Each structure stands twice: as C-alpha cells, then as structure tokens.
Amino acid sequence: KYYNEITACFYNETYSDEELSELAHLAQSLYDNELVLNQSQDEYLSNLRDDIAVFKSGNITVYSSEVTPSTDVEYFTFEERECARLYCTYTLKSGTVYQSSREVYVLRKDDEGHWKILGFALVTEDEEAGE
C-alpha cells in the first residue's frame with residue numbers, strides 16, 4: 001500500500017527534480033536488492049521520468065489502487081527463500097475516462113524478515129481469464 005502511495009505521487013503530483021529523486025529512493029527502499037541491482041540509479045531515474053512523461057502527456061492520473069486482501073496472498077518458497085505473490089488493481093483516469101490496470105507483484109522476505117518487491121508485471125487479459 002505504501003508503494004502505491006509513492007506511485008500515485010509519481011504520476012499525480014508536481015515536484016522538483018530533487019523531490020523526484022527522494023521519492024524514487026523511497027520506492028527503491030521497498031525493492032529487493034536483486035531488483036535494485038538490475039539497473040543503475042541513473043537508468044532507474046531516466047526510465048521513471050520517461051514513464052511519468054507518458055502519463056502526463058496523456059493527462060493520466062492514478063485515481064485509486066486496491067491491493068489483494070491478505071487472505072488472497074499466495075505464499076511459496078523459491079530457492080529456499082520465502083516469497084509471496086499478490087495483485088494490485090489500479091484505476092487510471094484520463095479526463096472523464098476511467099480504465100483499470102492489474103499488476104502482479106512478487107515479494108521476497110529479506111534477511112531481516114522484511115517483505116521486499118522482487119518484481120512486478122502487468123496482468124494480461126489471457127492471464128485474467130485463466131488461460
């Protein structure tokens with residue numbers, strides 16, 4: 001839920017470059033180290049700025065977000081590490097048009113017992129239909 005609050009700030013608010021860097025650092029603090037190491041800090045910020053620009057050029061904002069209830073989180077073990085899979089539905093608004101987008105998040109417990117985001121992806125219509 002905290003990550004979704006940060007995400008809404010990315011796409012809905014106005015901020016300075018310094019504030020964007022601080023928000024990005026907060027988001028990365030919720031990522032698993034393996035995810036953080038996938039790209040340099042400069043690449044991460046550049047990609048984030050590009051994503052934000054796409055939203056702003058389309059006048060798109062994050063209207064709301066809803067995380068899977070804790071009773072629906074799927075827990076599993078991978079390579080002897082505790083992991084979890086959960087879903088988040090985002091409602092995006094562009095003008096008077098609303099559209100839903102669903103993402104799957106995979107979390108992994110770190111050595112201190114904190115759940116960190118290991119990866120995430122859009123859920124396709126085929127995946128929604130269970131195909």
Side-chain angles (χ1 to χ4, degrees):
K1 290 179 183 180
Y2 181 51
Y3 181 75
N4 288 340
E5 290 175 18
I6 294 169
T7 299
C9 288
F10 283 148
Y11 299 110
N12 297 356
E13 304 297 331
T14 303
Y15 38 75
S16 68
D17 279 344
E18 183 179 328
E19 290 169 326
L20 175 60
S21 293
E22 290 173 9
L23 274 175
H25 180 72
L26 284 175
Q28 285 183 303
S29 73
L30 301 175
Y31 294 165
D32 186 276
N33 286 336
E34 189 174 319
L35 180 58
V36 172
L37 295 174
N38 277 335
Q39 58 187 341
S40 71
Q41 186 66 21
D42 288 342
E43 288 172 322
Y44 174 72
L45 283 171
S46 177
N47 291 335
L48 180 59
R49 283 187 181 100
D50 290 347
D51 287 345
I52 291 168
V54 168
F55 269 63
K56 298 228 184 248
S57 69
N59 195 31
I60 301 168
T61 58
V62 177
Y63 181 75
S64 67
S65 62
E66 184 177 336
V67 178
T68 302
S70 59
T71 55
D72 292 338
V73 174
E74 303 165 30
Y75 295 95
F76 61 98
T77 302
F78 182 74
E79 296 180 357
E80 300 182 20
R81 300 276 304 269
E82 288 183 72
C83 298
R85 181 179 300 110
L86 57 90
Y87 295 84
C88 183
T89 302
Y90 296 94
T91 302
L92 306 177
K93 181 182 176 190
S94 179
T96 59
V97 177
Y98 295 85
Q99 182 177 347
S100 289
S101 173
R102 194 160 190 235
E103 290 196 18
V104 58
Y105 288 84
V106 175
L107 287 73
R108 180 166 63 184
K109 203 177 263 192
D110 68 12
D111 294 334
E112 288 81 43
H114 301 111
W115 289 103
K116 299 287 187 160
I117 298 169
L118 180 60
F120 49 91
L122 279 175
V123 176
T124 65
E125 289 182 29
D126 291 343
E127 291 170 321
E128 284 285 349
E131 298 178 2

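All figures in this text were calculated on a predicted structure; none of them were measured in a lab. The first residue of the sequence shown is numbered 1, and numbering continues consecutively from there.
- Atoms OH and CZ, from Y90 and R102 in turn, are 12.0 Å apart once rounded to the nearest 0.5 Å.
- In terms of heavy-atom proximity, C88 sits nearest to T68 at N-OG1, 4.5 Å.
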Assess whether side-chain contact (heavy atoms from CB on, under 4.5 Å) is satisfied between V67 and Y105, documenting all intermediate values.
CA-CA 10 Å; V67 178; Y105 288 84; over 6 Å; no
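- Side-chain heavy atoms closer than 4.5 Å link hydrophobic residues (I, L, V, M, F, W, Y) into clusters, and following such links, even through other members, never connects I60 to V97.
- When all heavy atoms of Y98 and K93 are compared, the pair lying nearest together is OH-CE, 3.5 Å.
- More than 12 heavy atoms of other shown residues, nucleotides or ligands fall within 6.0 angstrom of atom CD in Q39.
- For the pair Q28 and V36, the tightest heavy-atom approach, listed with the atom from each and the gap, is O-CG2, 3.8 Å.
- Considering CG of N47 and CD1 of I52, their distance stands at 11.0 Å, rounded to 0.5 Å.
- Atom CG of L48 and atom CZ of F10 lie 4.5 Å apart (nearest 0.5 Å).
- Looking only at atom types and distance, the side chain of Y87 has no donor-acceptor partner in the side chain of D72 under 3.5 Å away.
- The minimum heavy-atom distance linking R81 with D110 is given by the pair NH2-CA, 3.7 Å.
- In terms of hydrophobic clustering, with Ile, Leu, Val, Met, Phe, Trp and Tyr side chains grouped at heavy-atom distances under 4.5 Å, I117 and L45 are assigned to different clusters.
- Within 6.0 Å of CD in E18 there are 12 or fewer heavy atoms belonging to other residues, nucleotides or ligands.
- In this structure, NZ on K1 lies 15.0 Å from CD1 on I6, to the nearest 0.5 angstrom.
- Other residues, nucleotides and ligands contribute more than 12 heavy atoms inside 6.0 Å of the OH atom of Y3.
- Between the CZ atom of R49 and the CG atom of D17 there is a distance of 5.0 Å, given to the nearest 0.5 Å.
- Under the 4.5 Å side-chain contact rule for hydrophobic residues, Y2 and Y15 share a cluster.
- Between L35 and G119, the shortest heavy-atom contact is CD2-N, 4.4 Å.
- A donor-acceptor pair under 3.5 Å is absent between the side-chain atoms of S46 and the main chain of D42, judged by distance alone.
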side-chain contact (heavy atoms from CB on, under 4.5 Å) evaluation trace for K116 with E34
CA-CA 10 Å; K116 299 287 187 160; E34 189 174 319; over 6 Å; no
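- Annotation for E74: atom CD counts as buried by contact number, over 12 foreign heavy atoms lying within 6.0 Å.
- D51 has its side chain within reach of Y11: a pair of non-hydrogen atoms, C-beta onward, lies under 4.5 Å apart.
- In plain terms, the two heavy atoms of A8 and V62 that are nearest each other are CA-CB, 4.3 Å.
- The CD atom of E22 sits 12.0 Å away from the SG atom of C9 when rounded to the nearest 0.5 Å.
- In E112, the CD atom is crowded: over 12 heavy atoms of neighbouring residues, nucleotides or ligands sit closer than 6.0 Å.
- Aromatic ring orientation, Y31 versus F120: tilted (interplanar angle from 30° to 60°).
- Aromatic ring pairs are classed by plane angle as parallel below 30°, tilted from 30° to 60° and perpendicular above 60°; the pair W115 and Y75 is tilted.
- Cluster annotation: L20 and L30 are assigned to the same hydrophobic cluster (Ile/Leu/Val/Met/Phe/Trp/Tyr, side-chain heavy-atom contacts under 4.5 Å, transitive).
- Side chains of F76 and V106 form a contact here, defined as non-hydrogen atoms less than 4.5 Å apart.
- Stacking of R108 on the aromatic ring of F78 is not recorded, the 6.0 Å distance cut-off and the 45° axial limit not both being met.
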